[in-house]
Number of protein chains: 2
Amino acid sequence: MRQSRSTKRRSECPISFGLDIFGDQWTLLILRDILFYNRVNFKDFAPREHIATNILSERLKKLESMGFITKCRNDKLQNQYIYSPTSKSKDLLPVLLEIMLWGFQYDPDSPVSKVFLERMGRERMTVLREITQAVESGRFAVYRQEEMGISDL
Amino acid sequence: MRQSRSTKRRSECPISFGLDIFGDQWTLLILRDILFYNRVNFKDFAPREHIATNILSERLKKLESMGFITKCRNDKLQNQYIYSPTSKSKDLLPVLLEIMLWGFQYDPDSPVSKVFLERMGRERMTVLREITQAVESGRFAVYRQEEMGISDL
DNA sequence: CCGGATCCGTTTCGATACTG
DNA sequence: CAGTATCGAAACGGATCCGG
């Protein structure tokens with residue numbers, strides 16, 4: 001694969017351990033798909049991003065070998081596999097949420113409504129908690145639309 | 001440069017706006033150096049990581065063009081330049097902190113003391129606030145050593 | 001159809017050497 | 001000190017093929 005360099009990097013600590021995941025876009029997109037949108041199948045990962053199948057399969061293997069996801073066969077549809085997040089990746093949610101909030105704040109054409117953006121500034125913690133609950137209960141898509149004011153999927 | 005693809009990616013929202021930074025290791029390491037360690041000179045960025053000078057200079061340009069850092073000449077030492085974070089990158093601190101905490105939790109040989117790790121689990125918010133203050137007051141190196149129990153630099 | 005693997009041209013990386 | 005130029009090596013990514 002790559003990044004055997006990451007062992008050297010340990011010395012400087014703060015974010016070094018996360019570089020393997022946060023150093024790669026596709027990995028992040030896959031984790032987003034899994035955590036936010038509850039996507040589980042090969043074909044559903046980052047579907048609009050036109051990720052090449054070879055790249056996707058490589059990343060999935062990497063994520064599996066690093067303990068971020070597990071893979072098992074779908075009982076109903078024997079020719080499908082289901083990828084699920086482990087606690088190691090579920091615990092990345094706070095990170096992804098912070099990235100999301102930061103993005104909403106600095107994206108010149110942020111997709112969220114002004115109302116939500118304002119609330120985000122005022123009651124950050126509450127908003128953070130709300131989203132966390134929405135995500136964990138699988139209702140993020142709804143929250144996104146109703147609370148954030150994002151219409152387009 | 002690259003990533004003109006990022007415009008397409010907007011539709012899926014959650015972390016898409018952050019991918020330009022979080023998709024690249026070196027960019028993250030530079031931001032870490034700037035935000036946590038108050039490094040300002042070309043030669044000081046990610047010094048132990050052996051980042052190639054061409055890569056470093058490219059990333060610094062990119063970060064500057066994206067509004068994450070500003071560059072100005074050092075008055076005292078005319079042949080040196082000083083890179084400073086903008087509010088756009090300062091506001092990334094919560095993200096980096098979350099990455100750090102996550103890393104401490106899952107790194108098999110986490111550099112932090114057991115005492116700190118335990119405290120991190122119990123009083124997450126407090127710890128988070130502490131570190132934020134330490135970083136923002138330029139005392140992170142001290143905090144790291146005294147509170148986290150990381151001896152080696 | 002789904003989940004990949006293989007091939008292969010193109011892009012990017014990154015170590016070193018070199019310049020102002 | 002702060003970069004640029006060069007160039008071989010690695011990664012990317014589009015297309016195609018393959019097994020279940």
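For the numbers below, each heavy atom of this structure counts, side chains included, while hydrogens, waters and symmetry mates do not. This is a predicted model, so every value here is computed, not measured. To find a chain, count down the sequence lines: A is the first, B the second, and so on, and within it residues start at 1.
B:R39 has a carboxylate O that lies under 4.0 Å from a charged side-chain N of B:D33, or vice versa, which qualifies the two as a salt bridge. Ion pairing between a basic and an acidic side chain is recognised when a charged N comes within 4.0 Å of a carboxylate O; A:E98 and A:R124 show such pairing. Between B:R119 and B:E130, at least one side-chain nitrogen of the basic residue sits less than 4.0 Å from a carboxylate oxygen of the acidic one, meeting the salt-bridge criterion.
What separates CZ of A:F45 from P of D:dG13 is a distance of 18 Å, to the nearest Å. In this structure, CZ of B:R59 is placed 19 Å from P of D:dA2, rounded to the nearest angstrom. Atom CG of A:D20 is separated from atom P of D:dA11 by 13 Å (rounded to the nearest Å). For the pair B:L56 CG and C:dT16 P, the interatomic distance rounds to 16 Å; values are reported in whole Å. For the pair B:I30 CD1 and C:dG14 P, the computed distance is 12 Å after rounding to whole Å. Separating the CH2 atom of B:W26 from the P atom of D:dA11 is a distance of 14 Å, rounded to the nearest angstrom. Nucleotide D:dA9 holds its P atom 17 Å from the CD1 atom of B:I55, rounded to whole Å.
A cation-pi contact, defined as under 6.0 Å to the ring centre and within 45° of the axis, is absent between B:K71 and B:Y83.
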Nucleic acid footprint by protein, nucleotides 1-6 of chain C - heavy-atom cut-off 4.0 Å, B for base, S for sugar-phosphate alone: BSSBBB
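Side-chain contact annotation: A:D24 with A:T27, donor-acceptor N/O pair under 3.5 Å present.
For the helix from C:dC1-D:dG20 to C:dG20-D:dC1, the rotation axes defined at the first and last 5 base pairs enclose an angle of 30°, given to the nearest 10°.
Cluster annotation: B:I82 and B:F68 are assigned to distinct hydrophobic clusters (Ile/Leu/Val/Met/Phe/Trp/Tyr, side-chain heavy-atom contacts under 4.5 Å, transitive).
Annotation: A:F17 is in aromatic contact with B:W102 [ring centroid separation under 6.0 Å].
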Please walk me through it: do B:Y106 and A:D91 pass side chain to side chain donor-acceptor pair (under 3.5 Å)? CA-CA 10 Å; B:Y106 284 98; A:D91 286 344; 2.4 Å; yes
